[in-house]
Amino acid sequence: MIKVNAIGQTCPMPVIMTKNALKNITEGTVEVSVDNKISKENIEKFSKEMGYSFSSKSEGDIFLIVIEKKPLPLNINESVELENDDTVIVIASDKMGDGDSALGETLMKGFIYTLTEMENLPKAILFYNKGVFLTASNESTIKDLKTLEERGVEILSCGACLNFYHLETSLGTGSVTNMYNIIEQQMKAKKVIRP
């Protein structure tokens, strides 16, 4: 049994830690400890979506989720090379949502980090307006965006936006683009995601 201690971890880390533990075994059990109901429910939902059986119990303020992974039939277990799909992500702010500013920044960092843990990646991520701060002045997101770029995701920042915010010499990853390319990328995409 692999034990994952996700106590004190904020979303999306408990699910990512669970996913990584399950990825490292072909069969067996993973026991995850979390300290809040939302993380417990997110791990249960993930387990259900992946087809794993699981059970949960609480010990005081701690939830324990035991997930059982069984080997797949041989014809399904074969390795499949995944390609980046025709999805484009458009990020127009350095925050996610319209609520609390600090929470919005945390959510956006979590969103970008979570992308690095996905198997299917978008074709491109487009940054414009205040979104360019994530490619030019935010070290934690730049690191994660470099990881995505190494995996084949195109990282594009609006040149006019970089100039407007005086960030033209600060671009930390990706390349500079223009409004024509931003529109063209979205028009050609099968799916556009705006966090």
Side-chain angles (χ1 to χ4, degrees), residues 1-89 91 96-97 103-125 134 138-155 173 190-191 193-195:
M1 176 184 292
I2 296 175
K3 294 190 178 205
V4 175
N5 183 353
I7 294 170
Q9 297 292 324
T10 58
C11 182
M13 288 307 296
V15 172
I16 291 170
M17 292 167 73
T18 302
K19 178 184 172 198
N20 288 340
L22 287 161
K23 192 188 298 185
N24 289 327
I25 60 172
T26 52
E27 70 178 299
T29 57
V30 172
E31 180 185 84
V32 185
S33 304
V34 294
D35 58 359
N36 66 78
K37 191 173 180 181
I38 292 172
S39 292
K40 171 190 168 284
E41 290 171 357
N42 284 338
I43 291 168
E44 289 173 344
K45 182 178 179 187
F46 164 77
S47 300
K48 186 175 181 181
E49 288 172 355
M50 298 303 295
Y52 301 135
S53 60
F54 61 91
S55 62
S56 303
K57 64 180 180 179
S58 61
E59 294 180 356
D61 294 338
I62 305 299
F63 297 97
L64 298 174
I65 306 103
V66 177
I67 305 161
E68 184 177 358
K69 181 177 181 181
K70 295 181 180 175
L72 297 172
L74 290 177
N75 60 344
I76 297 175
N77 205 17
E78 294 172 2
S79 170
V80 176
E81 186 71 27
L82 297 172
E83 294 182 12
N84 296 358
D85 67 17
D86 287 335
T87 298
V88 170
I89 296 175
I91 298 180
M96 183 182 269
L103 176 60
E105 289 176 10
T106 300
L107 292 174
M108 184 58 78
K109 287 178 189 175
F111 177 83
I112 292 173
Y113 172 75
T114 302
L115 285 173
T116 67
E117 296 293 323
M118 303 304 291
E119 291 179 17
N120 291 337
L121 296 174
K123 176 184 170 200
I125 306 176
L134 299 170
N138 188 317
E139 288 302 316
S140 65
T141 55
I142 288 171
K143 177 182 171 230
D144 293 333
L145 291 169
K146 284 181 178 179
T147 299
L148 290 167
E149 193 171 32
E150 289 167 5
R151 292 180 61 197
V153 178
E154 196 172 7
I155 307 297
T173 188
K190 289 184 180 173
K191 182 171 35 175
I193 298 172
R194 290 181 172 86

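Because only heavy atoms are used, hydrogens play no part in the values below, and waters and symmetry mates are left out as well, while side chains stay in. From a predicted model like this one, the values you see are computed outputs, not experimental measurements.
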Give, for atom [atom1] of [X] and atom [atom2] of [Y], the distance between the pair rounded to the nearest 0.5 Å.
X    : Y    : atom1 : atom2 : answer
E41  : I65  : CD    : CD1   : 10.0 Å
L121 : E154 : CG    : CD    : 13.5 Å
Y113 : K143 : OH    : NZ    : 8.0 Å
M118 : I16  : CE    : CD1   : 9.0 Å
T18  : Q9   : OG1   : CD    : 10.5 Å

Any chance the side chains of [X] and [Y] put a donor and an acceptor closer than 3.5 Å?
X    : Y    : value
S140 : N138 : yes
E149 : T173 : yes
N36  : S39  : yes

Is any side-chain heavy atom of [Y] closer than 4.5 Å to one of [X]?
X    : Y    : answer
I112 : T114 : no
I62  : V34  : no
E59  : L64  : yes
T29  : I2   : no

>> With a 6.0 Å cut-off (strictly less than), is the heavy-atom count around CG of N24, excluding the residue itself, greater than 12?
In response: yes
>> Would K191 and V88 count as a side-chain contact (heavy atoms from CB on, under 4.5 Å) here? Give the steps.
In response: CA-CA 6 Å; K191 182 171 35 175; V88 170; over 6 Å; no
> Who pairs with T106 by side chain to side chain donor-acceptor pair (under 3.5 Å), at least two apart in sequence or on another chain?
Replying inline: none
Heavy-atom pair of closest approach, residues [X] and [Y]:
X    : Y    : value
K69  : I25  : NZ-O, 2.7 Å
N5   : M17  : O-CE, 3.4 Å
E119 : R151 : O-NH2, 3.8 Å

Side-chain donor-acceptor distances from residues 44-54 under 3.5 Å, at least two apart:
from : atom 1 : to  : atom 2 : distance (Å)
E44  : OE1    : K40 : NZ     : 3.4
E44  : OE2    : K40 : NZ     : 3.0
E44  : OE2    : S56 : OG     : 2.4
S47  : OG     : I43 : O      : 2.9

> Between I91 and L134, is a side-chain contact (heavy atoms from CB on, under 4.5 Å) present by the stated rule, with each step listed?
Replying inline: CA-CA 9 Å; I91 298 180; L134 299 170; 3.8 Å; yes
> Which one of L148, I193, I89 satisfies the side chain to side chain contact (heavy atoms under 4.5 Å, CB included) criterion with P122?
Replying inline: I89
> Does I7 offer a backbone N or O that forms a donor-acceptor pair with the side chain of D35 under 3.5 Å?
Replying inline: no
> Under the salt bridge (charged side-chain N to carboxylate O under 4.0 Å, His left out) rule, what pairs show up with a residue in residues 16-33, not counting sequence neighbours?
Replying inline: K3-E31
>> Please evaluate residues V66 and V30 with respect to the criterion side-chain contact (heavy atoms from CB on, under 4.5 Å), reporting the C-alpha separation (whole Å), side-chain torsions for both, the decisive distance (0.1 Å), and the verdict.
In response: CA-CA 6 Å; V66 177; V30 172; over 6 Å; no
>> As a quick check of understanding, evaluate side-chain contact (heavy atoms from CB on, under 4.5 Å) for T147 and L115, giving each step before the final call.
In response: CA-CA 10 Å; T147 299; L115 285 173; over 6 Å; no
